[in-house]
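I have placed the structure first, in the form of structure tokens, so that the comments after it can refer back to it.
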Protein chains: 2
Amino acid sequence: MDIRTLCLGVLTMGDASGYEIKKKFEDRLALVFHASYGSIYPALNKLTEEGLVSCREESQEKRPDKKVYSITSAGRYLFLDEIVKPVSADRVRSDFLATLIFARLLPAAAVSKLIDERIADRAEKIARMRENCAGKATDTDRFMCNYGLTVYQAELDYLKENRHLLEADALLARAAE
Amino acid sequence: MDIRTLCLGVLTMGDASGYEIKKKFEDRLALVFHASYGSIYPALNKLTEEGLVSCREESQEKRPDKKVYSITSAGRYLFLDEIVKPVSADRVRSDFLATLIFARLLPAAAVSKLIDERIADRAEKIARMRENCAGKATDTDRFMCNYGLTVYQAELDYLKENRHLLEADALLARAAE
DNA sequence: GTTCTCATGTAAATCGTTACATGATTAT
DNA sequence: ATAATCATGTAACGATTTACATGAGAAC
């Protein structure tokens with residue numbers, strides 16, 4: 001699954017501009033995938049060339065014109081082919097966790113700050129998601145939204161309850177210097 | 001944080017060959033980062049050129065020779081500089097979740113199979129981690145190991161309890177055709 | 001006998017980010 | 001005034017993966 005394919009997927013949920021697709025990546029897809037304008041716009045252009053999406057220009061009042069994309073039936077078939085393929089393993093990259101592995105090399109205050117920030121970030125995301133989940137119409141939307149909520153909450157609880165383990169290790173390492 | 005830096009980090013925990021570093025990425029670092037030989041070996045060569053690690057060749061009986069890398073003090077200083085930098089946001093890419101978003105486009109049996117496989121995968125990883133966590137010596141190691149265990153367990157429980165939401169949506173979509 | 005583990009590497013290709021470029025409107 | 005939102009794009013660069021290449025011993 002690449003960004004190109006996911007753009008196609010987003011368009012199965014309704015017409016959208018490149019800008020709106022980016023928004024969806026930030027909101028609904030934040031837990032799942034990541035994409036910048038630099039990948040979305042070229043992907044849409046290529047999909048248009050290949051006849052997998054069509055494009056109409058809409059002029060708006062007091063807003064820049066936008067290009068609204070629709071998925072074509074060829075696009076729909078291709079997307080279905082893609083999502084029945086076996087899924088590849090999750091790919092995670094977490095600077096936060098990578099740094100924590102080396103907590104013993106850091107000043108205790110730096111470790112505490114890092115964890116404080118992560119806790120604040122997760123708490124904020126959870127709050128936003130809770131609002132969001134309430135308004136979901138379909139079971140799938142609720143499933144996805146609550147999935148994120150559950151995993152983030154588990155992380156948050158774990159951090160609060162176990163941060164002392166890391167903070168103790170960081171302190172000990174300093175004391176031993 | 002890139003793979004180069006993380007190789008340096010792994011070497012702060014003890015000398016290792018490229019092959020052994022890859023192993024650590026698969027075991028301990030699987031939740032955190034991902035790296036292939038094609039990125040590790042060139043990284044080690046470059047770090048050697050730059051004097052951030054040193055390398056000695058060890059011949060073994062009935063095993064191919066190996067190159068064992070040690071971090072130098074220059075390498076240590078550079079690594080410390082790297083890990084005090086502000087961390088960038090997590091980057092997740094999950095084909096599994098991306099596919100589930102489109103559950104309504106899939107046959108119900110395909111959705112069920114996907115979830116079954118994920119549950120089996122998580123259950124297996126949890127079992128392996130439980131063993132692993134028991135033998136950890138430091139608080140940091142226990143923290144990291146239990147972190148993974150907690151998050152995976154939350155996901156597993158959630159999937160078991162809520163899979164019916166997705167399976168219902170997939171069935172409804174088919175019925176509406 | 002065939003697959004797995006140990007062991008190191010290279011080169012091409014892919015994929016995507018970052019930074020740049022532009023510009024109007026709206027909210028603080 | 002200044003920042004944020006809306007809106008689209010390109011080009012250079014960077015990072016990694018994938019596939020290829022090689023080979024011996026061990027386990028099943």
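Every chain is numbered from 1 and lettered A, B, ... according to where its sequence line falls, protein lines coming before strand lines.
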Margin query: Please report the distance, rounded to the nearest Å, between NZ in Lys62(B) and P in dA26(D).
Written below: 5 Å
Margin query: Can a side-chain donor-acceptor contact be found between Asp65(B) and Ser59(B) if the only test is distance below 3.5 angstrom?
Written below: no
Note to self: Can you see if the side chain of Gln60(A) gets near the phosphate of dA7(D) - specifically, an N or O under 4.0 Å from OP1 or OP2?
What the structure shows: yes
Item checked: Candidates dG9(D), dT10(C), dT17(C) - which lies nearest the side chain of Arg91(B) -> dT17(C)
Checklist line | Near-strand residues of residues 1-34 of chain B, defined as heavy-atom separation under 4.0 angstrom from DNA chain D | finding: Asp2(B), Ile3(B), His34(B)
Check: For Lys67(A) and dG9(D), what is the distance between atoms NZ and P respectively, to the nearest whole Å?
Finding: 3 Å
Notebook entry, point to check: Tell me: NZ of Lys46(A) to C1' of dT8(D), nearest whole Å?
Noted result: 20 Å
Margin query: Nearest whole Å is fine: how far is dG9(C) P from Glu57(B) CD?
Written below: 8 Å
Next item on the list: Would you indicate which nucleotide in dA7(D), dT17(D), dG9(C) comes nearest to any side-chain atom of Tyr41(A)?
Entry: dA7(D)
Notebook entry, point to check: Heavy atoms, side chains only, cut-off 4.5 Å: are Val32(A) and Val92(B) in contact?
Noted result: no
Item checked: Sidechain N-carboxylate O distance under 4.0 Å for Glu20(A), Lys23(A) -> no
Next item on the list: Report the distance from atom NZ of Lys66(A) to atom P of dT5(D), rounded to the nearest whole Å.
Entry: 17 Å
Next item on the list: Could you list all the side chain to side chain donor-acceptor pair (under 3.5 Å) pairs where at least one residue sits in residues 33-42 of chain B, not counting sequence neighbours?
Entry: none
Next item on the list: Nearest whole angstrom, please: distance from the C1' of dG9(D) to the CG of Leu44(A).
Entry: 11 Å
Item checked: Leu149(A) side chain near Cys133(A) side chain, heavy-atom distance below 4.5 Å -> yes
Check: For Val68(A) and Arg93(A), take the nucleotide of DNA chain D holding the closest heavy atom to each; which residue's nucleotide lies nearer the 5' end?
Finding: Val68(A)
Check: Would you say Ser36(A) reaches dG16(C)'s phosphate, i.e. side-chain N/O to OP1/OP2 under 4.0 Å?
Finding: no
Notebook entry, point to check: Are Asn45(A) and Glu49(A) linked by a side-chain donor-acceptor pair shorter than 3.5 Å?
Noted result: no
Item checked: Residue pairs passing the side chain to side chain donor-acceptor pair (under 3.5 Å) test where at least one lies in residues 105-118 of chain B, sequence neighbours excluded -> Asp90(A)-Arg118(B), Ser112(B)-Glu167(B), Asp116(B)-Arg163(B), Arg118(B)-Glu155(B)
